Visitor: 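Here it is: the structure, laid out below.
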Amino acid sequence: MTAKISYADVEVGTELPAQTFPVTRATLVQYAGASGDFNPIHWNERFAKEVGLPDVIAHGMFTMAEAVRVVTDWVGDPGAVVEYGVRFTRPVVVPDDDKGAVIEVSGKVAAKLDGNTVRVDLTATSAGQKVLGASRAVVRLA
């Protein structure tokens, strides 16, 4: 695969299509099985509350992965992401109901860099709270 977005066609301020990602308790169980992270804060409400959390929370790496999907879907090639990092600011609290939680992610090109790369800054929120800070990806464009 190669990036479908041309470096020449992108300007600083270009907005990526925003996306929302639902998260349920079932999602967390599936992620735990795939990742091997069975920490009870991600599936056991009683335990999560005993350690001071408001409820079960999504895995940080799951939240991080969902957020970068805005970039990979935009560019059309996950391999085009050459660097990605975030700071975890708040947990995504996932209630035990039919709705769960939603992670809302938007992004914009913050800088054009050398070598046909751009820096994309992401904003990720859940329940009106910013859940990732300093969320940035460097992406190689066509």
Side-chain angles (χ1 to χ4, degrees), residues 1-7 9-113 115-142:
M1 296 177 82
T2 57
K4 296 177 182 174
I5 305 293
S6 170
Y7 182 81
D9 294 337
V10 173
E11 299 298 329
V12 170
T14 298
E15 292 188 18
L16 284 61
Q19 294 188 51
T20 59
F21 305 99
V23 186
T24 64
R25 295 280 178 96
T27 309
L28 300 182
V29 170
Q30 291 167 337
Y31 182 81
S35 69
D37 182 352
F38 293 100
N39 187 323
I41 64 173
H42 303 303
W43 57 269
N44 184 316
E45 183 175 336
R46 180 183 44 79
F47 183 84
K49 289 180 176 182
E50 283 176 0
V51 298
L53 295 168
D55 206 332
V56 165
I57 62 170
H59 302 73
M61 296 304 286
F62 172 82
T63 304
M64 187 177 176
E66 291 291 79
V68 81
R69 285 177 56 189
V70 167
V71 176
T72 60
D73 288 354
W74 172 69
V75 76
D77 178 9
V81 177
V82 296
E83 184 179 318
Y84 178 49
V86 305
R87 186 172 41 85
F88 301 104
T89 56
R90 294 189 191 282
V92 175
V93 178
V94 183
D96 188 16
D97 60 19
D98 294 339
K99 296 179 184 178
V102 174
I103 302 168
E104 299 169 316
V105 184
S106 62
K108 87 167 53 170
V109 174
K112 290 185 84 167
L113 309 170
N116 280 13
T117 60
V118 296
R119 188 186 87 216
V120 175
D121 289 354
L122 297 168
T123 301
T125 62
S126 184
Q129 302 272 336
K130 195 171 183 179
V131 295
L132 298 176
S135 183
R136 298 182 177 136
V138 175
V139 185
R140 187 169 321 284
L141 302 179

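Computation of the quantities below employed the complete heavy-atom set of this structure, encompassing side-chain atoms and omitting hydrogens, waters and symmetry-equivalent molecules. Predicted model, so just to flag it, every value in this text is computed and none were measured.
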Visitor: For the backbone of Lys130 and the side chain of Thr89, can you confirm whether one donor and one acceptor N or O come within less than 3.5 Å of each other?
Guide: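 Answer holds: yes.
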Visitor: Determine, step by step, whether Val56 and Asp96 satisfy the side chain to side chain contact (heavy atoms under 4.5 Å, CB included) criterion, reporting the C-alpha distance in whole Å, the side-chain angles of both residues, the deciding distance to 0.1 Å, and the verdict.
Guide: CA-CA 8 Å; Val56 165; Asp96 188 16; over 6 Å; no
Visitor: In Å and rounded to the nearest 0.5 Å, what is the CG to CG distance from Asn44 to Asp55?
Guide: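 With rounding to 0.5 Å, CG (Asn44) is 10.5 Å from CG (Asp55).
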Visitor: Can you tell me if Thr24 uses its side chain to pair, donor with acceptor, with the backbone of Thr27 under 3.5 Å?
Guide: yes
Visitor: Okay, side chain of Lys108, backbone of Thr123: is any donor-acceptor separation there less than 3.5 Å?
Guide: no
Visitor: Looking at every heavy atom in both Ala137 and Val71, which two are closest together, and how far apart are they?
Guide: CB-CG2, 4.3 Å
Visitor: Can you see which heavy atom on Ala142 is nearest to which on Asn116, and at what distance?
Guide: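 Where Ala142 meets Asn116 most closely, the heavy atoms are O-ND2, 3.6 Å.
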Visitor: Is the backbone N or O of Asp77 less than 3.5 Å from a side-chain atom of Thr72, with the two atoms forming a donor-acceptor pair by type?
Guide: no
Visitor: Looking only at atom types and distance, does a side-chain atom of Trp43 sit under 3.5 Å from a main-chain N or O of Leu28, one as donor and one as acceptor?
Guide: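 It does not hold such a pair.
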Visitor: Just to verify, what does Thr117 make a side-chain hydrogen bond (donor to acceptor under 3.5 Å, both in side chains) with, not counting sequence neighbours?
Guide: none
Visitor: Does the pair Phe88 and Leu132 meet the rule for a side chain to side chain contact (heavy atoms under 4.5 Å, CB included), with working shown?
Guide: CA-CA 5 Å; Phe88 301 104; Leu132 298 176; 3.5 Å; yes
Visitor: Check whether any side-chain N or O of Tyr31 sits under 3.5 Å from a backbone N or O of Asp37 as a donor-acceptor pair, and report yes or no.
Guide: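 Side chain of Tyr31 to backbone of Asp37, a donor-acceptor pair under 3.5 Å: no, none is there.
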Visitor: Just verifying a value: how many Å separate Ser35 OG and Met61 CE, rounded to the nearest 0.5 Å?
Guide: 9.5 Å
Visitor: Write down the atom of Tyr84, the atom of Met64, and the distance for their closest heavy-atom approach.
Guide: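 Reported closest heavy-atom pair: OH-O, 2.8 Å.
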Visitor: If every non-hydrogen atom of Ser126 is compared with every non-hydrogen atom of Val92, which pair is closest and at what distance?
Guide: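 Of all heavy-atom pairs spanning Ser126 and Val92, the closest is OG-CG1, 3.7 Å.
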Visitor: Compare all side-chain heavy atoms of Leu122 with those of Val105 and state whether any distance is below 4.5 angstrom.
Guide: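 In short, these two side chains touch, coming nearer than 4.5 Å.
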Visitor: Working to the nearest 0.5 angstrom, can you tell me the gap between Lys112 NZ and Thr14 OG1?
Guide: 8.0 Å
Visitor: Which value, rounded to the nearest 0.5 Å, describes the distance between Glu66 atom CD and Glu104 atom CD?
Guide: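 Here the rounded value is 13.0 Å.
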Visitor: Passes side chain to side chain contact (heavy atoms under 4.5 Å, CB included), Trp74 versus Val120? Steps please.
Guide: CA-CA 11 Å; Trp74 172 69; Val120 175; 4.2 Å; yes
Visitor: Which atom names give the shortest non-hydrogen contact between Val12 and Ala111, and what distance separates them?
Guide: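 Distance-wise, the nearest heavy atoms are CG2-CA, 4.0 Å.
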Visitor: Can you tell me how far the CD atom of Gln19 sits from the CD1 atom of Ile103, to the nearest 0.5 Å?
Guide: 11.5 Å
Visitor: Using modelled atom types and a 3.5 Å cut-off, is there a donor and acceptor pairing between side-chain atoms of His42 and backbone atoms of Ala32?
Guide: no
Visitor: Can you see which heavy atom on Leu113 is nearest to which on Arg119, and at what distance?
Guide: CD1-N, 4.0 Å
